[in-house]
Amino acid sequence: MAKARRSSVQSYAAIYAAIQRVPRGKVCSYGGVAQLAKLPGRARLVGTALRNSPRSLRLPWHRIVQASGRLAFPIGSDPYRTQRRRLEREGVRFKSHRIDMQYYGWPASDVALDELLWGHRSR
DNA sequence: TGTATGACCCTGA
DNA sequence: CTCAGGGCCATAC
């Protein structure tokens with residue numbers, strides 16, 4: 001069976017929707033967004049989608065960081081400073097160019113992720 | 001049509 | 001901590 005693959009347009013939509021869900025003051029990794037968009041293993045696509053995202057969507061793009069807690073842009077670069085400023089304005093603290101994902105990461109656990117993916121308490 | 005390039009990630013050394 | 005290797009794959013040229 002060939003893996004059913006959504007068109008990139010559909011994937012982008014799912015990715016943007018996932019990004020919109022990240023709460024203020026929290027951050028999510030590229031891979032995390034991919035999972036939320038039901039595109040596991042495709043973190044790279046999230047970066048691509050973000051890079052090509054229209055300003056009109058007003059996405060909270062700054063809340064997407066690397067799984068390591070570092071920003072994807074080179075330290076000191078213009079976009080790095082912009083993203084960091086926007087995060088700090090929301091209360092996200094940096095420790096030597098790094099964010100504590102245990103503390104600021106969202107969703108907070110695999111269980112929380114499941115609920116987001118499959119809905120609350122299927123029971 | 002082939003190759004290169006990335007706003008990535010994980011594992012293992 | 002760094003580094004390499006393998007996976008991922010839409011885009012650009």
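Just so it is clear: chains get the letters A, B, ... in the order the sequence lines come, proteins before strands, and each one is counted from 1.
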[X] [atom1] to [N] [atom2], straight-line distance once rounded to whole Å:
| X | N | atom1 | atom2 | answer |
| --- | --- | --- | --- | --- |
| A:Met101 | B:dC9 | CE | C1' | 12 Å |
| A:Arg86 | B:dA7 | CZ | P | 18 Å |
| A:Arg63 | B:dC8 | CZ | P | 20 Å |

| query | Rounding to the closest angstrom, what is the interatomic distance between C:dT11 and B:dT1 at atom C1'? | reply |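 Rounded to whole Å, the distance is 14 Å.
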
| said: For the C1' atoms, the ones on C:dC8 and on B:dA4, what distance do you get once it is rounded to whole angstrom? | reply: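 Those two atoms are separated by 15 Å.
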
| request: From the options B:dC8, C:dA10, B:dC10, select the nucleotide whose nearest atom is closest to the side chain of A:Gln66. | output: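 Nearest to the side chain of A:Gln66 among the choices is B:dC8.
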
| query | Tell me, which pairs form a ring-ring contact (aromatic ring centres under 6.0 Å, His included) where one or both residues lie in residues 49-96 of chain A, sequence neighbours left out? | reply |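 Every ring-ring contact (aromatic ring centres under 6.0 Å, His included) pair that includes a residue of residues 49-96 of chain A, provided the two are not neighbours, is A:Tyr80-A:His97.
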
| said: Listing request: all ring-ring contact (aromatic ring centres under 6.0 Å, His included) pairs with a residue in residues 24-49 of chain A, at least two apart in sequence or in separate chains. | reply: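 Found none.
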
| Is there a residue in residues 14-52 of chain A whose heavy atoms reach under 4.0 Å of DNA chain C, and which residues are they? |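 Within this stretch, A:Gly41, A:Arg42, A:Arg44, A:Leu45 sit under 4.0 Å of the strand.
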
| said: Under 4.0 Å between a side-chain nitrogen and a carboxylate oxygen: does that hold for A:Arg63 and A:Glu90? | reply: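 A salt bridge is present here (some side-chain N lies under 4.0 Å from a carboxylate O).
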
N/O donor-acceptor pairs under 3.5 Å from side chains in residues 37-45 of chain A, not counting sequence neighbours:
none

Could you pull out all donor-acceptor pairs under 3.5 Å where a side-chain atom in residues 7-22 of chain A meets a protein atom, sequence neighbours excluded?
residue, atom, partner, partner atom, Å
A:Ser7, OG, A:Gln10, N, 3.2
A:Gln10, OE1, A:Ser7, N, 3.2
A:Ser11, OG, A:Ser7, O, 3.2
A:Tyr12, OH, A:Asn52, ND2, 3.1
A:Tyr16, OH, A:Ala49, O, 2.8
A:Gln20, NE2, A:Leu57, O, 3.3

| task | Kindly write out the residues that satisfy ring pair (Phe, Tyr, Trp, His ring centres under 6.0 Å) with A:Tyr103, not counting sequence neighbours, or none if the list is empty. | result |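 With sequence neighbours excluded, A:Tyr103 shows a ring pair (Phe, Tyr, Trp, His ring centres under 6.0 Å) to no residue whatsoever.
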
| message | Counting the atoms with a prime plus P, OP1 and OP2 as sugar-phosphate, which does A:Tyr80 contact under 4.0 Å by heavy atoms, base, sugar-phosphate, or nothing? | response |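 The answer is nothing, as A:Tyr80 stays clear of every strand by at least 4.0 Å.
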
